[in-house]
Trainee: 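One structure coming up, written as C-alpha coordinates, with questions to follow.
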Amino acid sequence: MIDVYNKLLNQFGSKDWWPADTQFEVVIGALLTQQTRWENVERAIKNLKERGLLEQEPLSRIDLEELEELIRCTGFYRQKAKRLKSISEFFFENPDILKKPEDELRDILLSLNGVGEETADSIVLYAADRPRFVIDAYTKRICMCMGIKGDYGELQSIFEDSLPQDVPLYKEFHALIVEYGKRFCGQKRCTECILVENGKM
DNA sequence: GTCCGGATAA
DNA sequence: TTATCGGGAC
(Lines give C-alpha, C1' and ligand atoms only; values in the text may rest on other atoms or scores of the structure.)
Protein backbone atom coordinates (compact mmCIF):
# COMPACT_ATOMS: atom_id res chain seq x y z
CA MET A 1 0.00 0.00 0.00
CA ILE A 2 2.86 2.36 0.67
CA ASP A 3 3.71 2.25 -3.04
CA VAL A 4 0.23 3.45 -3.89
CA TYR A 5 0.59 6.23 -1.36
CA ASN A 6 3.85 7.39 -2.90
CA LYS A 7 2.38 7.31 -6.39
CA LEU A 8 -0.53 9.47 -5.36
CA LEU A 9 1.63 11.85 -3.37
CA ASN A 10 3.91 12.31 -6.35
CA GLN A 11 0.98 13.05 -8.62
CA PHE A 12 -1.06 15.39 -6.44
CA GLY A 13 1.24 16.59 -3.65
CA SER A 14 0.16 17.27 -0.10
CA LYS A 15 -3.56 17.95 0.26
CA ASP A 16 -3.89 19.39 3.79
CA TRP A 17 -7.36 17.94 4.16
CA TRP A 18 -10.07 18.75 6.62
CA PRO A 19 -9.38 22.35 7.62
CA ALA A 20 -11.02 23.17 10.96
CA ASP A 21 -10.46 25.43 13.95
CA THR A 22 -11.56 22.92 16.58
CA GLN A 23 -12.07 19.21 17.08
CA PHE A 24 -15.79 19.79 17.45
CA GLU A 25 -15.86 21.46 14.05
CA VAL A 26 -14.44 18.26 12.56
CA VAL A 27 -17.17 16.21 14.23
CA ILE A 28 -19.93 18.44 12.86
CA GLY A 29 -18.31 18.49 9.43
CA ALA A 30 -18.11 14.70 9.44
CA LEU A 31 -21.89 14.45 9.77
CA LEU A 32 -22.66 17.27 7.35
CA THR A 33 -20.42 15.91 4.60
CA GLN A 34 -22.27 12.62 4.31
CA GLN A 35 -23.23 12.23 0.66
CA THR A 36 -22.51 15.93 0.17
CA ARG A 37 -19.92 18.11 -1.55
CA TRP A 38 -17.44 19.73 0.80
CA GLU A 39 -18.12 23.22 -0.60
CA ASN A 40 -21.69 22.97 0.66
CA VAL A 41 -20.49 21.79 4.05
CA GLU A 42 -18.27 24.87 4.31
CA ARG A 43 -21.26 27.13 3.79
CA ALA A 44 -23.18 25.42 6.54
CA ILE A 45 -20.17 25.56 8.87
CA LYS A 46 -19.85 29.27 8.10
CA ASN A 47 -23.52 29.82 8.90
CA LEU A 48 -23.10 28.13 12.25
CA LYS A 49 -19.85 29.90 13.04
CA GLU A 50 -21.22 33.36 12.32
CA ARG A 51 -23.94 32.78 14.87
CA GLY A 52 -21.65 31.31 17.49
CA LEU A 53 -23.40 27.96 17.18
CA LEU A 54 -20.37 25.85 16.42
CA GLU A 55 -20.02 24.79 20.04
CA GLN A 56 -21.48 21.92 22.01
CA GLU A 57 -23.99 23.66 24.25
CA PRO A 58 -25.43 26.29 21.87
CA LEU A 59 -25.84 23.74 19.09
CA SER A 60 -27.55 21.26 21.39
CA ARG A 61 -30.07 23.92 22.42
CA ILE A 62 -30.84 25.58 19.10
CA ASP A 63 -34.35 25.37 17.70
CA LEU A 64 -34.59 22.41 15.34
CA GLU A 65 -36.23 24.30 12.48
CA GLU A 66 -33.71 27.12 12.73
CA LEU A 67 -30.88 24.62 12.49
CA GLU A 68 -32.51 22.99 9.48
CA GLU A 69 -32.43 26.30 7.64
CA LEU A 70 -28.76 26.90 8.45
CA ILE A 71 -27.65 23.53 7.09
CA ARG A 72 -30.18 23.16 4.28
CA CYS A 73 -27.45 23.56 1.66
CA THR A 74 -25.90 20.23 2.69
CA GLY A 75 -28.95 18.17 1.79
CA PHE A 76 -30.63 15.58 4.03
CA TYR A 77 -31.09 18.60 6.27
CA ARG A 78 -33.91 17.27 8.39
CA GLN A 79 -32.19 14.11 9.56
CA LYS A 80 -28.85 15.89 9.80
CA ALA A 81 -30.32 18.63 12.03
CA LYS A 82 -31.65 16.07 14.49
CA ARG A 83 -28.36 14.20 14.49
CA LEU A 84 -26.33 17.37 15.03
CA LYS A 85 -28.42 18.33 18.03
CA SER A 86 -28.18 14.94 19.68
CA ILE A 87 -24.47 14.54 19.02
CA SER A 88 -23.83 18.06 20.33
CA GLU A 89 -25.66 17.17 23.50
CA PHE A 90 -23.58 14.03 23.84
CA PHE A 91 -20.30 15.91 23.38
CA PHE A 92 -21.44 18.59 25.83
CA GLU A 93 -22.15 15.96 28.47
CA ASN A 94 -18.94 14.05 27.68
CA PRO A 95 -16.33 16.78 27.08
CA ASP A 96 -13.34 14.44 27.28
CA ILE A 97 -14.74 11.82 24.97
CA LEU A 98 -12.06 12.29 22.30
CA LYS A 99 -9.32 11.44 24.81
CA LYS A 100 -10.51 7.86 25.16
CA PRO A 101 -8.54 5.01 23.57
CA GLU A 102 -9.38 4.72 19.87
CA ASP A 103 -11.10 1.34 20.04
CA GLU A 104 -13.41 2.44 22.83
CA LEU A 105 -13.97 5.82 21.20
CA ARG A 106 -14.90 4.17 17.91
CA ASP A 107 -17.49 1.94 19.58
CA ILE A 108 -19.02 4.90 21.39
CA LEU A 109 -19.23 6.91 18.19
CA LEU A 110 -20.83 4.01 16.34
CA SER A 111 -23.57 3.84 18.95
CA LEU A 112 -24.63 7.41 18.13
CA ASN A 113 -27.38 8.00 15.63
CA GLY A 114 -26.07 9.08 12.25
CA VAL A 115 -22.57 7.73 12.79
CA GLY A 116 -21.56 4.71 10.73
CA GLU A 117 -18.13 3.21 10.24
CA GLU A 118 -16.77 5.78 7.82
CA THR A 119 -17.94 8.75 9.88
CA ALA A 120 -16.69 7.17 13.12
CA ASP A 121 -13.24 6.58 11.64
CA SER A 122 -13.16 10.09 10.19
CA ILE A 123 -13.77 11.50 13.65
CA VAL A 124 -11.20 9.18 15.24
CA LEU A 125 -8.58 10.12 12.65
CA TYR A 126 -9.22 13.80 11.92
CA ALA A 127 -10.68 15.00 15.24
CA ALA A 128 -9.06 12.73 17.83
CA ASP A 129 -5.80 12.31 15.89
CA ARG A 130 -5.70 8.54 16.34
CA PRO A 131 -4.58 5.98 13.76
CA ARG A 132 -7.69 4.60 12.08
CA PHE A 133 -7.72 4.28 8.31
CA VAL A 134 -10.88 5.64 6.70
CA ILE A 135 -12.48 3.46 4.04
CA ASP A 136 -14.79 5.35 1.69
CA ALA A 137 -16.53 4.50 -1.56
CA TYR A 138 -13.49 5.40 -3.69
CA THR A 139 -11.22 3.27 -1.52
CA LYS A 140 -13.51 0.28 -1.99
CA ARG A 141 -13.68 0.91 -5.71
CA ILE A 142 -9.94 1.18 -6.14
CA CYS A 143 -9.41 -1.95 -4.10
CA MET A 144 -11.88 -3.82 -6.26
CA CYS A 145 -10.06 -2.73 -9.40
CA MET A 146 -6.86 -4.07 -7.84
CA GLY A 147 -8.50 -7.38 -7.09
CA ILE A 148 -8.84 -6.82 -3.35
CA LYS A 149 -12.20 -7.88 -1.98
CA GLY A 150 -13.58 -7.50 1.51
CA ASP A 151 -16.00 -5.68 3.74
CA TYR A 152 -15.19 -2.43 5.51
CA GLY A 153 -13.22 -4.01 8.35
CA GLU A 154 -11.24 -6.30 6.09
CA LEU A 155 -10.16 -3.48 3.80
CA GLN A 156 -9.29 -1.35 6.81
CA SER A 157 -7.05 -4.11 8.18
CA ILE A 158 -5.28 -4.45 4.86
CA PHE A 159 -4.38 -0.76 4.87
CA GLU A 160 -3.49 -0.56 8.55
CA ASP A 161 -1.37 -3.73 8.49
CA SER A 162 0.66 -2.63 5.49
CA LEU A 163 1.29 0.97 6.59
CA PRO A 164 3.30 2.43 9.46
CA GLN A 165 0.98 3.52 12.27
CA ASP A 166 1.31 7.18 11.38
CA VAL A 167 -1.61 9.60 11.83
CA PRO A 168 -0.46 12.26 9.33
CA LEU A 169 0.15 9.51 6.77
CA TYR A 170 -3.34 8.07 7.28
CA LYS A 171 -4.85 11.52 6.87
CA GLU A 172 -2.89 12.30 3.75
CA PHE A 173 -3.45 8.92 2.13
CA HIS A 174 -7.21 9.07 2.49
CA ALA A 175 -7.27 12.61 1.13
CA LEU A 176 -5.22 11.51 -1.87
CA ILE A 177 -7.47 8.55 -2.57
CA VAL A 178 -10.52 10.83 -2.64
CA GLU A 179 -8.75 13.30 -4.91
CA TYR A 180 -7.73 10.51 -7.23
CA GLY A 181 -11.19 8.97 -7.16
CA LYS A 182 -12.83 12.24 -8.10
CA ARG A 183 -10.54 12.84 -11.04
CA PHE A 184 -10.32 9.34 -12.47
CA CYS A 185 -12.90 6.90 -11.09
CA GLY A 186 -15.66 9.52 -11.03
CA GLN A 187 -14.90 10.60 -14.59
CA LYS A 188 -14.61 6.98 -15.71
CA ARG A 189 -11.05 7.49 -16.93
CA CYS A 190 -10.19 3.88 -16.14
CA THR A 191 -7.81 3.53 -19.10
CA GLU A 192 -5.63 6.24 -17.56
CA CYS A 193 -5.57 4.63 -14.11
CA ILE A 194 -2.05 4.64 -12.68
CA LEU A 195 -2.89 2.41 -9.75
CA VAL A 196 -4.12 -0.75 -11.41
CA GLU A 197 -1.77 -1.14 -14.34
CA ASN A 198 0.90 -2.86 -12.27
CA GLY A 199 -1.60 -4.92 -10.38
CA LYS A 200 -0.70 -5.32 -6.73
CA MET A 201 -0.36 -2.67 -4.11
C1' DG B 1 -30.22 13.60 -15.90
C1' DT B 2 -26.06 12.37 -12.67
C1' DC B 3 -23.26 12.58 -8.59
C1' DC B 4 -21.50 13.95 -4.00
C1' DG B 5 -15.98 13.24 1.66
C1' DG B 6 -23.33 7.69 4.10
C1' DA B 7 -26.52 5.91 7.55
C1' DT B 8 -30.68 3.76 8.73
C1' DA B 9 -34.88 1.06 8.70
C1' DA B 10 -37.24 -2.48 6.59
C1' DT C 1 -30.41 -5.94 -0.20
C1' DT C 2 -33.09 -1.92 -1.31
C1' DA C 3 -35.65 2.59 -0.49
C1' DT C 4 -35.15 6.83 1.56
C1' DC C 5 -33.36 11.24 2.81
C1' DG C 6 -32.21 16.21 -0.58
C1' DG C 7 -30.00 20.51 -2.08
C1' DG C 8 -26.49 22.14 -5.30
C1' DA C 9 -23.37 21.85 -9.21
C1' DC C 10 -22.51 20.27 -13.72
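Letters go in sequence order (proteins before strands), and every chain restarts at 1.
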Trainee: Nearest to the side chain of A/Arg37, heavy atoms from C-beta on, is which of B/dG6, B/dC3, B/dT8?
Mentor: B/dC3
Trainee: Please lay out, stage by stage, how A/Ile28 and A/Ser88 fare under the test side chain to side chain contact (heavy atoms under 4.5 Å, CB included).
Mentor: CA-CA 8 Å; A/Ile28 298 308; A/Ser88 298; 4.2 Å; yes
Trainee: May I have the distance from A/Tyr170 (atom OH) to B/dG5 (atom P), rounded to whole angstrom?
Mentor: 23 Å
Trainee: Tell me: CD1 of A/Ile123 to P of B/dA7, nearest whole Å?
Mentor: 10 Å
Trainee: If we take the P atom in both C/dT2 and B/dG5, what is their distance in whole Å?
Mentor: 24 Å
Trainee: Within the structure shown, what part of the strands sits under 4.0 Å from A/Gln79 by heavy-atom distance: base, sugar-phosphate, or nothing?
Mentor: base
Trainee: Using heavy atoms to find the nearest nucleotide of DNA chain B for A/Gly116 and A/Gly186 separately, return the residue whose nucleotide is more 5′.
Mentor: A/Gly186
Trainee: How is A/Val41 classified with respect to the nucleic acid when contacts are heavy atoms under 4.0 Å: base, sugar-phosphate, or nothing?
Mentor: nothing
Trainee: Out of B/dT8, B/dG5, C/dG7, which has the shortest distance to the side chain of A/Trp17?
Mentor: B/dG5
Trainee: Does a distance-only test, which skips hydrogens and angles, find a donor-acceptor pair under 3.5 Å between the side chain of A/Gln35 and the base of B/dG6?
Mentor: yes
Trainee: Please work out if A/Thr74 contacts a base, only the sugar-phosphate, or nothing of the nucleic acid, heavy-atom cut-off 4.0 Å.
Mentor: base
Trainee: Between A/Arg43 and A/Phe76, which residue's closest nucleotide on DNA chain C lies nearer the 5′ terminus?
Mentor: A/Phe76
Trainee: Atom CG of A/Leu112 and atom C1' of B/dG6: how far apart are they, to the nearest Å?
Mentor: 15 Å
Trainee: Within the structure shown, what part of the strands sits under 4.0 Å from A/Glu117 by heavy-atom distance: base, sugar-phosphate, or nothing?
Mentor: sugar-phosphate
Trainee: Quick check on B/dG5: is either OP1 or OP2 less than 4.0 Å from any side-chain nitrogen or oxygen of A/Lys182?
Mentor: yes
Trainee: Starting at CG of A/Asn113 and ending at P of B/dG6, how long is that distance when rounded to a whole Å?
Mentor: 17 Å
Trainee: Give me the distance, rounded to whole Å, that separates B/dA7 from C/dG8 when you measure between the P atoms they each carry.
Mentor: 23 Å
Trainee: Roughly, in whole Å, what's the span from CZ in A/Arg78 to C1' in B/dA7?
Mentor: 16 Å
Trainee: Tell me: CD of A/Gln34 to C1' of C/dG7, nearest whole Å?
Mentor: 15 Å
Trainee: Just N and O in the side chain of A/Tyr138: are any of them under 4.0 Å from OP1 or OP2 of B/dC4?
Mentor: yes
Trainee: Go nucleotide by nucleotide along DNA chain B from the 5' end; which of A/Val115 and A/Thr33 gets its closest nucleotide reached first?
Mentor: A/Thr33
Trainee: Could you give the distance from NZ (A/Lys46) to SG (A/Cys73), rounded to the nearest 0.5 Å?
Mentor: 11.0 Å
Trainee: Starting at atom CD1 of A/Ile177, determine the distance to atom P of B/dG5, rounded to an integer number of angstrom.
Mentor: 14 Å
Trainee: Contact class for A/Gly75 (heavy atom, under 4.0 Å): base, sugar-phosphate, or nothing?
Mentor: base
Trainee: What is the distance from OH of A/Tyr180 to C1' of B/dC4, rounded to the nearest Å?
Mentor: 19 Å
Trainee: Provide the distance between the two C1' atoms, one in B/dC4 and one in C/dT1, to the nearest whole Å.
Mentor: 22 Å
Trainee: State yes or no: are the ring centers of A/Trp18 and A/Trp38 separated by less than 6.0 Å?
Mentor: yes
Trainee: Report the residue from A/Tyr180, A/Tyr5, A/Tyr138, A/Trp17 that forms a ring-ring contact (aromatic ring centres under 6.0 Å, His included) with A/His174.
Mentor: A/Trp17
Trainee: Below 30° counts as parallel, above 60° as perpendicular, anything between as tilted: where do the rings of A/Phe133 and A/Phe159 land?
Mentor: parallel
Trainee: If you count the non-hydrogen atoms of other residues, nucleotides and ligands that lie under 6.0 Å from CD in A/Glu57, is the total more than 12?
Mentor: yes
Trainee: Using a cut-off of less than 4.0 Å, is there contact between a side-chain N or O of A/Thr119 and OP1 or OP2 of B/dA7?
Mentor: yes
